[in-house]
Amino acid sequence: MFKKICLILTVFSLLKAVSAEAQYVNLSGNNPDITQYVESNEDNWNKSIMYMFYSNQPCALCSQAMGMIYQIYEEYFINQFNLFEINYTDEGEYGMQESYNLSQPLSLVLVRINDGMSRGYYKIDNPQFWIDDPFYFKQRLLSEINNFLNT
């Protein structure tokens, strides 16, 4: 039991130490994608967005990380977010790439929607680097998302 507690404390201290890969941007207002999202379904008026952005860059670990993200989403966040998978390098997605400053092979972007408007976003780059330890991956992702929800 003592070892388990030590491991958990170590993981949480590591989460704080390596959180530089995440970026919160306070952004009030709207853009055409948010307007379309909110107007397409009245239930989206206060339901935030989770974008899983990937690119055409070679990434051996991305599909596995995407599967792990999807499982965590379904288990913990399906009622708070709608999840969208988007290849941001596809034609017509340049606006997303520019809006969220996307350049990595895999990024998770959380967009807070409140009263039908975007209130800010939180970007987590390269979660595929955490998949070698599924426990760490899950705890790190839960911590990052919950930090966003509590800001």
Fill in: Tyr73 and Tyr70 aromatic ring geometry - parallel, tilted or perpendicular at 30°/60° bounds
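Ring orientation of Tyr70 relative to Tyr73: tilted.
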
Item to complete: Take the angle between the ring planes of Tyr100 and Phe53 and call it parallel below 30°, perpendicular above 60°, tilted in between.
Response: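 Ring orientation of Tyr100 relative to Phe53: tilted.
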
Does some side-chain heavy atom of [Y] sit less than 4.5 Å from a side-chain heavy atom of [X]?
X	Y	value
Lys123	Leu102	yes
Ile145	Met50	yes
Lys138	Glu75	yes
Ile72	Phe137	yes
Met52	Leu106	yes
Tyr37	Asn82	yes

Worksheet entry | Flag, side chain of Tyr54 to backbone of Ser63, donor-acceptor distance under 3.5 Å |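 Not a single qualifying donor-acceptor pair exists.
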
Discussion item. Quick check for you: to the nearest 0.5 Å, what is the distance between Ile113 atom CD1 and Gln80 atom CD?
Written reply: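 Answer rounded to 0.5 Å: 14.0 Å.
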
Worksheet item: Looking just at side-chain N and O atoms, do Tyr122 and Asn147 make a donor-acceptor pair shorter than 3.5 Å?
Response: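 No donor-acceptor contact under 3.5 Å links the two side chains.
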
Item to complete: Can you establish whether the number of heavy atoms outside Glu42 located under 6.0 Å from its atom CD is more than 12?
Response: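 Check fails, neighbour count at 12 or below.
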
